[in-house]
Amino acid sequence: MKFLSFCAMKDVAATSPKSPMRQMLRATLDWIGEQKKIGKVLEAYAIPGGRAVIIWELPDADDAAQTIASIPIGAFMDFEVYALADINATMKAYIENIKEANQ
């Protein structure tokens, strides 16, 4: 199951001591690399301003919650997470519902 997460640095990150923050950022980069190798992270992009977007391949919402909770810098970030559905199957369902409603 695919998930999309938007991540944004909390304001407290800007006032945190720089050395530990640097270490957490490095640990997070390593962690993302590991997640890519095992197939959990499909894509990860930085958005200017301390934000990021990640596309995940995870078995279910419980695994998504546990995986996101294990991000090294996660305590300094806010997350929005969305389950993604196949566009073709979704549109076919809409088409069928409209077809049935018109009968």
Side-chain angles (χ1 to χ4, degrees):
M1 178 172 204
K2 288 187 176 62
F3 293 87
L4 172 70
S5 66
F6 291 98
C7 321
M9 294 298 284
K10 294 180 180 180
D11 291 339
V12 69
T15 60
S16 297
K18 300 303 177 209
S19 182
M21 186 58 64
R22 226 179 5 258
Q23 291 171 350
M24 281 189 284
L25 287 167
R26 284 189 183 123
T28 299
L29 279 176
D30 292 342
W31 183 88
I32 289 171
E34 291 170 14
Q35 299 306 304
K36 281 185 173 184
K37 284 180 186 173
I38 63 173
K40 284 189 170 188
V41 170
L42 301 178
E43 301 284 339
Y45 299 98
I47 300 171
R51 298 179 350 191
V53 61
I54 302 173
I55 300 174
W56 308 85
E57 181 66 51
L58 302 165
D60 54 39
D62 289 333
D63 194 57
Q66 293 168 10
T67 300
I68 290 169
S70 69
I71 297 172
I73 202 161
F76 291 91
M77 299 192 85
D78 289 317
F79 295 90
E80 291 180 42
V81 182
Y82 302 91
L84 300 176
D86 179 74
I87 190 70
N88 292 323
T90 301
M91 288 305 188
K92 286 178 184 176
Y94 280 124
I95 291 166
E96 280 302 310
N97 287 334
I98 291 169
K99 182 179 170 184
E100 289 177 16
N102 288 333
Q103 292 178 352

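- Side-chain atoms of Ser70 come within 3.5 Å of backbone N or O of Thr67 as a donor-acceptor pair.
- When every heavy atom of Met24 is checked against every heavy atom of Pro72, the shortest pair comes out as SD-O, 3.9 Å.
- Across Val81 and Ser5, no two heavy atoms sit closer than the pair CG2-CB, 4.0 Å.
- Hydrophobic clustering places Phe6 together with Tyr45 (ILVMFWY residues linked when any side-chain heavy atoms are closer than 4.5 Å, directly or through intermediates).
- Here CZ of Phe3 is found 11.0 Å from NZ of Lys40. Values are rounded to the nearest 0.5 Å.
- Residues passing the salt bridge (Lys or Arg N to Asp or Glu O under 4.0 Å) test with Glu57 are Lys2, sequence neighbours excluded.
- When all heavy atoms are compared, the tightest approach of Ile54 to Ala44 is CG1-CB, 4.1 Å.
- In Lys99, the NZ atom is not crowded: 12 or fewer heavy atoms of neighbouring residues, nucleotides or ligands sit closer than 6.0 Å.
- For the side chain to side chain donor-acceptor pair (under 3.5 Å) condition, no pair includes a residue of residues 85-95, sequence neighbours left out.
- The minimum heavy-atom distance linking Ala83 with Met1 is given by the pair CB-CE, 3.7 Å.
- The side-chain heavy atoms of Met9 and Ile73, taken from C-beta on, include a pair separated by under 4.5 Å.
- By the rule that hydrophobic residues join a cluster once side-chain heavy atoms approach within less than 4.5 Å of another member, Leu42 and Ile32 end up as members of separate clusters.
- Residues Tyr82 and Val53 are members of one and the same hydrophobic cluster, defined by side-chain heavy-atom contacts under 4.5 angstrom among Ile, Leu, Val, Met, Phe, Trp and Tyr.
- Under the 4.5 Å side-chain heavy-atom criterion for grouping Ile, Leu, Val, Met, Phe, Trp and Tyr, Phe76 is not connected to Leu29 through any hydrophobic cluster.
- Between Phe79 and Ile71 the shortest side-chain heavy-atom distance falls below 4.5 Å.
- The CG atom of Leu4 sits 11.5 Å away from atom CD of Glu43, with the distance rounded to the nearest 0.5 Å.
- Ile87 and Leu84 are not part of a single hydrophobic cluster, where members link through side-chain heavy atoms under 4.5 Å apart.
- Applying the salt bridge (Lys or Arg N to Asp or Glu O under 4.0 Å) test to Asp30 and every residue at least two apart in sequence or in another chain returns nothing.
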